[in-house]
Novice: 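For reference, the structure I am asking about is given below.
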Amino acid sequence: MIYLDNAATTQIEETALDAMLPFLKGEYGNASAVYELARNSKRAVFNARKQCAALIGAAPNEVFFTSGGTESDNHALIGAYEAWKKKAKKQGDGSAVSDGAVSAKTAGTMPSAGHIITTAIEHHAILRTAEYLESLGVSVTYLKPDSDGFINVSRVLEAIKEDTFLVSVMTANNEIGTIEPVCEIADAVHAVRNDILVHTDAVQAYGQIKLDEFAKHVDLLSASSHKLGGPKGCGLLYIRDGVKLGPLIRGGMQESGRRAGTENVPGIVGFGAASEAAFAGLDAKMTAECTLRDRLLAKIGIITDVIINGAYESGDFSKRLPGNISVCIKGIEGESALIMLDRAGICASSGSACTSGAREPSHVLKAIGRADDEAKGSLRFTLSHHNTEEEIDRAAEVLSEIVDKLRNGKKHL
Ligand code: PLP
């Protein structure tokens with residue numbers, strides 16, 4: 001099998017598995033209890049908090065473990081809304097709450113239900129949550145990217161309204177791999193209004209590119225363990241010290257009261273170990289993946305009528321994730337190519353894993369201007385440092401044969 005779908009999930013790193021095993025066996029203490037067995041779990045969770053915090057330049061007490069990227073994204077958006085509502089209520093009239101803003105009541109208008117800014121290319125964990133907030137009366141601006149996949153900083157500033165309480169822009173796109181200018185956006189927003197929270201969904205970027213300056217810029221950041229060789233079902237939300245955020249999950253006082261529920265100690269320990277390994281080997285990993293990415297793309301480029309989705313420059317991983325390739329191949333159905341690739345033992349994806357199976361062309365490809373028939377021929381290959389040149393060459397060869405067959409009306413290799 002040749003696994004080229006690392007944006008969907010990754011194989012578990014040996015270091016993560018080894019770190020987890022004791023906590024799946026004898027070290028089963030509840031991290032919140034007081035005896036020695038529990039203290040081992042507590043220490044292990046604290047150690048993981050430090051390991052994860054290092055990747056984003058945060059303090060350990062600013063990292064809160066969750067069940068994954070989806071929960072972290074939900075918590076960031078819904079929690080920001082809850083905090084905004086509470087602040088507005090305290091102000092006494094449920095109105096816009098920006099510091100120094102005129103209240104809706106005194107201005108004689110309808111009370112505001114708040115406003116958030118996000119982008120049209122976010123993962124569904126953000127988009128569906130934004131839709132939920134809309135159902136509560138919040139207005140949402142969905143910013144469009146340019147044709148290279150980038151969100152423009154001044155567009156974000158232009159979208160700010162009196163009652164804006166949150167800006168959420170992803171760090172790297174899960175389909176086309178483009179890296180957004182998130183720190184620049186956060187600084188620009190804070191320069192205009194420091195009461196607006198800036199969140200970034202860094203699920204695809206955490207452990208793949210350098211984020212160690214991020215905690216200096218953003219207020220909230222989501223990451224997920226299974227995208228960097230950790231176990232599934234674990235993630236984190238970075239909450240900058242002092243930021244007020246409502247809880248998403250109510251119950252006990254775990255995670256300093258920010259996220260209730262008995263800690264998933266083995267998952268957290270594995271996430272921490274995978275983060276530490278990714279941090280230590282990041283330069284080598286980025287270079288290895290980028291070299292493989294460029295090699296595969298050069299070979300795919302030989303096929304006629306191939307469009308690369310999102311900005312791409314050989315050797316560069318400042319604008320695009322080092323392991324991401326997204327292309328539209330004219331005259332083929334991406335879904336048919338995926339089935340044929342699978343028969344040849346190659347795992348890839350068309351659009352994001354969470355939407356494959358859905359026939360609709362990807363919202364991301366549409367947002368960067370791909371026509372429906374172009375978007376239907378999309379394929380995504382996401383590589384890891386575990387892939388080899390031989391695998392890349394084999395995948396390119398098989399893909400080329402598949403494209404020939406599909407263009408000639410054949411659905412079998
Ligand atoms: N955000 C992005 C950008 C993602 O790519 C994903 C998963 O693919 C998620 C959020 C959801 O993360 P999880 O699978 O940990 O819930």
Side-chain angles (χ1 to χ4, degrees), residues 3-12 16 52 55-56 63-78 118-132 142 145 149 151 168-180 182 199-209 211 214 218 220-238 248-249 259 261 264 267-268 270-272 274-275 278 309-310 320-321 323-326 347-358 362-365 367 378 380-384:
Y3 187 72
L4 304 178
D5 199 17
N6 287 276
T9 196
T10 54
Q11 72 180 81
I12 195 145
C52 293
L55 253 79
I56 52 172
V63 167
F64 301 90
F65 290 113
T66 65
S67 68
T70 301
E71 182 189 321
S72 302
D73 285 346
N74 272 262
H75 191 172
L77 268 61
I78 295 170
T118 187
T119 82
I121 56 169
E122 298 293 313
H123 188 271
H124 286 115
I126 293 289
L127 293 176
R128 297 280 179 260
T129 311
E131 283 167 20
Y132 169 66
Y142 298 93
I151 300 296
S168 181
V169 177
M170 71 200 316
T171 311
N173 186 266
N174 46 302
E175 293 190 37
I176 59 174
T178 42
I179 300 169
E180 300 300 337
V182 167
H199 167 253
T200 187
D201 174 344
V203 168
Q204 289 292 338
Y206 179 95
Q208 313 301 334
I209 54 169
L211 302 179
F214 267 54
V218 300
L220 303 162
L221 177 148
S222 305
S224 177
S225 157
H226 72 105
K227 307 289 186 183
L228 76 153
K232 294 168 183 55
C234 190
L236 68 81
L237 181 62
Y238 156 76
L248 181 71
I249 295 181
R259 199 278 186 184
N264 168 11
I268 290 170
F271 185 18
S275 298
N309 298 314
R320 187 188 190 98
L321 291 174
N324 173 289
I325 291 176
S326 168
C347 307
S349 143
S350 71
S352 77
C354 315
T355 54
S356 66
S362 133
H363 66 285
V364 176
L365 298 179
S378 75
R380 181 187 74 174
F381 300 94
T382 45
L383 320 181
S384 98

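Both ligands and their constituent atoms are indexed starting at 1 by order of listing.
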Novice: Considering only heavy atoms of Gly68, which atoms of ligand 1 have at least one such atom less than 4.0 Å away?
Specialist: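 In order of numbering, the contacting atoms are 15 (O).
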Novice: Only heavy atoms of Thr70, strictly under 4.0 Å: list the atoms of ligand 1 that pass.
Specialist: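 Near Thr70, the atoms of ligand 1 are 11 (C), 12 (O), 13 (P), 16 (O).
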Novice: What part of His226, side chain, backbone, both or neither, has a heavy atom within less than 4.0 angstrom of ligand 1?
Specialist: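 It is the side chain that touches ligand 1; the backbone stays farther off.
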Novice: Using a heavy-atom cut-off of under 4.0 Å, does the side chain or the backbone of Asp73 touch ligand 1, or both, or neither?
Specialist: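 The part of Asp73 near ligand 1 is the side chain, not the backbone.
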Novice: With heavy-atom distances below 4.5 Å as the criterion, would you say the side chains of Val182 and Phe214 are in contact?
Specialist: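 A side-chain contact exists here, since the closest heavy-atom pair is under 4.5 Å.
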Novice: Decide whether an N or O pair under 3.5 Å exists between Ala125 and ligand 1.
Specialist: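 N/O-N/O distance under 3.5 Å: no.
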Novice: For Ser326, which residues count as a side-chain hydrogen bond (donor to acceptor under 3.5 Å, both in side chains) partner, sequence neighbours excluded?
Specialist: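 With sequence neighbours excluded, Ser326 shows a side-chain hydrogen bond (donor to acceptor under 3.5 Å, both in side chains) to Asn309, given in chain and number order.
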Novice: Heavy atoms, side chains only, cut-off 4.5 Å: are Ile126 and Asp73 in contact?
Specialist: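 Contact flag for Ile126/Asp73 side chains = yes.
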Novice: Near Lys227, which atoms of ligand 1 are under 4.0 Å from a heavy atom of that residue?
Specialist: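 Within the 4.0 Å cut-off of Lys227, ligand 1 contributes 7 (C), 8 (O).
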Novice: I'd like to check which ligand 1 atoms, numbered from 1 as shown, lie under 4.0 Å from a non-hydrogen atom of Asn174.
Specialist: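 Listed by number with element, the hits are 3 (C), 5 (O).
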Novice: Using a 4.5 Å cut-off on heavy atoms from C-beta on, say whether the side chain of His363 contacts that of His124.
Specialist: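 Heavy-atom side-chain distance check passes, below 4.5 Å.
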Novice: Looking only at side chains, do Tyr238 and Ser72 share a donor and an acceptor under 3.5 Å apart?
Specialist: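 No, because no side-chain N or O of Tyr238 sits under 3.5 Å from a partner of the opposite role on Ser72.
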Novice: What pairs with Glu131 under side-chain hydrogen bond (donor to acceptor under 3.5 Å, both in side chains), at least two apart in sequence or on another chain?
Specialist: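 Listed in chain order: Arg128.
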Novice: Out of Ser222, Ser224, Ala172, whose heavy atom is nearest to atom 15 (O) of ligand 1?
Specialist: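 Considering heavy atoms of Ser222, Ser224, Ala172, the nearest to atom 15 (O) of ligand 1 sits in Ser224.
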